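The structure presented is a predicted model; accordingly, all values stated were derived computationally and were not measured. A note on names: the letters A, B, ... follow the listed sequences, proteins ahead of strands, and every chain is numbered from 1.
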Number of protein chains: 2
Amino acid sequence: MTEPLDATFAALADPTRRAILVMLLEDDMAVTDVADPFEMSLAAISKHLGILMRAGLISQEKRGRVKWCKLEPDALRDASIWMQSFGQFEAVNLEAFEAFLEAELGGAGD
Amino acid sequence: MTEPLDATFAALADPTRRAILVMLLEDDMAVTDVADPFEMSLAAISKHLGILMRAGLISQEKRGRVKWCKLEPDALRDASIWMQSFGQFEAVNLEAFEAFLEAELGGAGD
DNA sequence: CGAATGGTCAACCGAAAGGTTGAATATGCC
DNA sequence: GGCATATTCAACCTTTCGGTTGACCATTCG
């Protein structure tokens with residue numbers, strides 16, 4: 001796992017981990033509560049959370065004996081940027097794509 | 001690999017495969033030419049291409065004895081849509097995009 | 001035809017992923 | 001202090017991944 005994108009995409013490749021991210025979209029959660037809907041051991045969920053953390057997709061903060069998990073969308077944004085270069089623009093050459101982006105950013109700004 | 005998203009993200013998790021996608025962004029390529037910049041066997045690249053195909057990220061068409069590889073951005077679009085659900089990522093950022101592409105291209109033949 | 005080129009297949013290998021279980025470590029509560 | 005709760009660690013197992021090699025088809029060319 002040399003590059004950050006490797007870790008991000010690898011983390012997203014597992015359906016359990018994606019489900020966890022969706023859950024965290026609504027609210028921060030304790031590890032035990034994250035594990036609750038899944039039919040696997042708490043230790044397994046703990047591992048998944050570790051992977052999500054190392055990928056930068058979530059952060060964890062311990063308050064008392066409870067460890068709270070929080071979504072961190074920054075890493076997702078990086079991966080999203082990479083993907084949008086393929087998903088939105090069909091087989092364009094680099095120059096045309098850059099020109100398009102410059103226009104896009106210069107105009108809308110949003 | 002139950003869901004299509006699993007296959008898509010798993011395919012994207014490997015730097016060699018992402019480098020291949022970047023290469024195909026510019027033009028369709030024969031398998032041998034795809035393999036050329038990499039320091040691994042043709043068979044290994046063939047496997048990577050198979051994974052990309054099963055994930056729907058590329059298509060392959062044989063003409064004569066040459067098999068041409070073509071980028072298929074639809075699968076990436078699906079994954080991108082999934083990621084958009086995580087919030088209002090700012091639209092594509094040019095500098096970030098260039099940095100990523102640069103990094104990916106730079107490491108391609110490594 | 002036979003030889004070179006393009007690509008895959010099959011068997012194998014080491015390492016990593018994803019899960020289990022049971023013990024260990026903190027922390028909070030009575 | 002002692003017990004319950006929250007979470008991780010360690011060891012283990014099985015399957016998958018990413019790579020190799022050598023043999024094997026398919027196609028073109030001389």
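When distances run from any side-chain atom of A/Arg65 to the nucleotides D/dT7, C/dG28, D/dT27, the shortest one goes to C/dG28.
Inter-residue side-chain proximity for A/Phe9 and B/Arg17 is flagged as unmet; no heavy-atom pair is nearer than 4.5 Å. Contact of the B/Thr16 side chain with the B/Ile45 side chain is registered, since non-hydrogen atoms from C-beta on lie closer than 4.5 Å. A/Gln60 has its side chain within reach of A/Val31: a pair of non-hydrogen atoms, C-beta onward, lies under 4.5 Å apart.
Put simply, CD on B/Gln60 is 12 Å from C1' on C/dG6, counting in whole angstrom units. Summarising the geometry, the separation between CH2 on A/Trp68 and P on D/dT5 is reported as 17 Å, rounded to the nearest angstrom. Rounded to an integer number of Å, the gap from CZ of B/Phe9 to P of C/dA17 is 18 Å. If you take CG of B/Asp6 and C1' of D/dT16, they are 14 Å apart, rounded to a whole angstrom. In this structure, CG of A/Asp36 is placed 13 Å from C1' of D/dA6, rounded to the nearest angstrom. The distance from atom CG of B/Leu52 to atom C1' of D/dC17 is 14 Å, rounded to the nearest whole Å. C/dG18 atom C1' lies 13 Å from atom CD1 of A/Ile20, rounded to whole Å. Here C/dA26 presents its P atom at 12 Å from NZ of A/Lys67, a figure rounded to the nearest Å.
With hydrophobic clusters built from ILVMFWY side chains whose heavy atoms lie under 4.5 angstrom apart, B/Leu42 shares a cluster with B/Met29.
A side-chain contact (heavy atoms from CB on, under 4.5 Å) with A/Ile58 holds for exactly one of A/Ile20, A/Val34, A/Ile51, A/Leu49; it is A/Leu49.
The residue among B/Asp33 and A/Val66 whose nearest nucleotide of DNA chain C is located toward the 5' end is B/Asp33.
In this structure, the side chain of A/Arg18 engages the main chain of A/Leu12 through a donor-acceptor pair within 3.5 Å.
When the side-chain nitrogen and oxygen atoms of A/Ser46 are compared with OP1 and OP2 of D/dT7, none of them lie within a distance under 4.0 Å.
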Give each protein N/O atom lying under 3.5 Å from an N/O atom of nucleotides 18-25 of chain D, with the pair distance.
{"from": "D/dG18", "atom 1": "OP1", "to": "B/Arg17", "atom 2": "NH2", "distance (Å)": "3.1"}
{"from": "D/dG18", "atom 1": "OP2", "to": "B/Arg17", "atom 2": "NH1", "distance (Å)": "3.1"}
{"from": "D/dG19", "atom 1": "OP2", "to": "B/His48", "atom 2": "NE2", "distance (Å)": "2.2"}
{"from": "D/dG19", "atom 1": "N7", "to": "B/Lys47", "atom 2": "NZ", "distance (Å)": "3.1"}
{"from": "D/dG19", "atom 1": "O6", "to": "B/Lys47", "atom 2": "NZ", "distance (Å)": "2.3"}
{"from": "D/dT20", "atom 1": "OP2", "to": "B/Ser41", "atom 2": "N", "distance (Å)": "2.9"}
{"from": "D/dT20", "atom 1": "OP2", "to": "B/Ser41", "atom 2": "OG", "distance (Å)": "2.8"}

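Listed by chain and residue number, A/Arg63 satisfy the salt bridge (charged side-chain N to carboxylate O under 4.0 Å, His left out) test with A/Glu61 (two or more places apart in sequence, or in another chain).
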